[in-house]
Amino acid sequence: IFLSTILYSQEEKIIFKSANPFGFKDIISNLETLDEIEVNGVLKLPNGEGPFPLIIGVAGSLDWGEHHLEYMEMYRSMGIATFELQSFSSRGIKSTVGSQVNVTTAMMILDAYKALEVLTKHPKIIKDKVAITGWSLGGGVTLFSGWEPLIKKINPTIKFAAHLSIYPPCIAQPKNLKFTNAPMHILIGELDDWVPAKACEELVPKMQDAGANINLTVYPESHHSFDRNTPLVTREDAYRTVDCRFTLREDGAVLMNLLNIPMTTPFRQKIGLALCAKRGTTMGGNPKTREEAFQFSREFMSKHLLNK
């Protein structure tokens, strides 16, 4: 059941029920006990009668930015509908930079699947042609929305047709490497010190060996948010996670490097990050790799959503 408000003929606000799991363990162990909340997003349709394939977009720690919306506009120009998931504004949050506790990857993954449940029933959407893409925090949502222990718990009857993760955190490395069989791809910058490319270079081969359909592109001379049309800046408040690696247990608990203590509360997560992360990261655009990333994204989504 969902409520939709028509904003104009090609745009629709979708409201659905979700919850606030702090971590993956809350989804796997406690999902039924969590209080329901309302989350919303904006569905935008391309020109034409439809039905259309769809891309669900998931923003990063600074919420929706201009470059995210440029991707979504590009997809609509290809004849693909888009859905801008509003996990932050639905919870009254503007940014999670420097804390990463008010809106978490687990909350946003649950939001994405609850949105998928609703959108696959929409008359203008082709239900088996819905992909997910996201940036930074949203890139982590895109990556781990393909992790089987979460899918099995949230809703094993639906799936995303493709996952395109743009500079995601790969620092939580799962013991259980069972992921969706849908195509997955990661785009990340070689010089990213917010979420290190090296962690993805470690994780992706393990996932491939376990049977995941995933590939990785590392762009040289590129920092975090290389696809922004903005100069390099330093974020003094952001976590620099180059030296962080965490183990993700099958029950969804993420373990600290020290003593394998599970980071299942905001306080424990702050301690876990304090033990390995510094403050101060660089972010900003690289015109060459920005263009390459947009082109790759166009080709990836065309291949998996538009080809018969």
Using the rule that two of Ile, Leu, Val, Met, Phe, Trp, Tyr join whenever any of their side-chain heavy atoms come within less than 4.5 Å, decide whether [X] and [Y] are in one cluster.
X      : Y      : result
Leu31  : Val103 : yes
Ile126 : Phe160 : no
Trp64  : Ile93  : yes
Leu177 : Leu255 : no
Val254 : Ile271 : yes

Taking [X] for its side chain and [Y] for its backbone only, find out whether a donor-acceptor pair lies under 3.5 Å.
X      : Y      : value
Thr142 : Gly134 : yes
Glu201 : Pro196 : no
Gln208 : Ile214 : yes
Glu250 : Pro149 : no
Glu236 : Gly280 : no
Thr217 : Leu187 : no
Ser18  : Val39  : no
Asp192 : Val195 : yes
His304 : Met301 : no

Output all residues satisfying salt bridge (charged side-chain N to carboxylate O under 4.0 Å, His left out) with Arg268, sequence neighbours left out; order by chain, then residue number.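 Applying salt bridge (charged side-chain N to carboxylate O under 4.0 Å, His left out) to Arg268 gives none.
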
Nearest non-hydrogen partners of [X] and [Y], listed with the distance:
X      : Y      : answer
Gly79  : Pro53  : O-CD, 3.9 Å
Cys200 : Pro168 : SG-O, 3.9 Å
Tyr219 : Ala293 : OH-CA, 3.5 Å
Pro169 : Ser136 : CD-O, 3.3 Å
Leu34  : Ala19  : CB-CB, 3.9 Å
Ile109 : Ile154 : CG2-CD1, 4.0 Å

Modelled atom types, side-chain donor and acceptor of Glu12 and His122, under 3.5 Å: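 The criterion, which ignores hydrogens and geometry beyond distance, is satisfied for His122 and Glu12.
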
Does one side chain, of Asn20 or Arg91, offer a donor that lies under 3.5 Å from an acceptor on the other?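 A donor-acceptor contact under 3.5 Å links the two side chains.
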
Decide if atom [atom1] of [X] counts as having more than 12 heavy atoms of other residues, nucleotides or ligands within a radius under 6.0 Å.
X      : atom1 : value
Asn307 : CG    : yes
Lys159 : NZ    : yes
Asn47  : CG    : no
Lys178 : NZ    : no

In the structure I gave you, are the side-chain heavy atoms of [X] and [Y] within less than 4.5 Å of one another anywhere?
X      : Y      : answer
Met107 : Ser87  : no
Leu232 : Met283 : no
Trp194 : Arg235 : yes
Val204 : Ile186 : yes
Lys13  : Gln86  : no
Leu203 : Met207 : yes
Phe83  : Ile55  : no
Ile56  : Val130 : yes

Is [Y] paired with [X] through a side-chain N to carboxylate O contact shorter than 4.0 Å?
X      : Y      : answer
Glu117 : Lys127 : no
Glu202 : Lys206 : no
Lys278 : Asp243 : yes
Arg290 : Asp227 : no
Asp251 : Lys175 : no
Glu299 : Lys303 : no

Interatomic spacing from [atom1] in [X] to [atom2] in [Y] - rounded to 0.5 Å:
X      : Y      : atom1 : atom2 : answer
His223 : Arg228 : NE2   : CZ    : 14.0 Å
Ser77  : Met72  : OG    : CE    : 12.5 Å
Met263 : Leu273 : CE    : CG    : 6.0 Å
Thr82  : Leu54  : OG1   : CG    : 7.5 Å
Met74  : Leu69  : CE    : CG    : 12.5 Å

Measure from the ring center of His163 to the ring center of Phe179 and say whether it is less than 6.0 Å.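 They do not qualify: ring centres at least 6.0 Å apart.
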
Classify the ring geometry between Phe226 and Tyr167 as parallel (under 30°), tilted (30 to 60°) or perpendicular (over 60°).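 Judged by the thresholds at 30° and 60°, the geometry between Phe226 and Tyr167 is perpendicular.
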
Within 45 degrees of the axis of the six-membered ring of Tyr239 and under 6.0 Å from its centre: does Arg279 put its NZ or CZ there?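 Positive - Arg279 is close enough to the ring of Tyr239 and near enough to its axis.
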
Quick one: list whatever passes ring pair (Phe, Tyr, Trp, His ring centres under 6.0 Å) with Tyr71, sequence neighbours left out.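 Only Trp135, Phe294 meet the ring pair (Phe, Tyr, Trp, His ring centres under 6.0 Å) criterion with Tyr71.
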
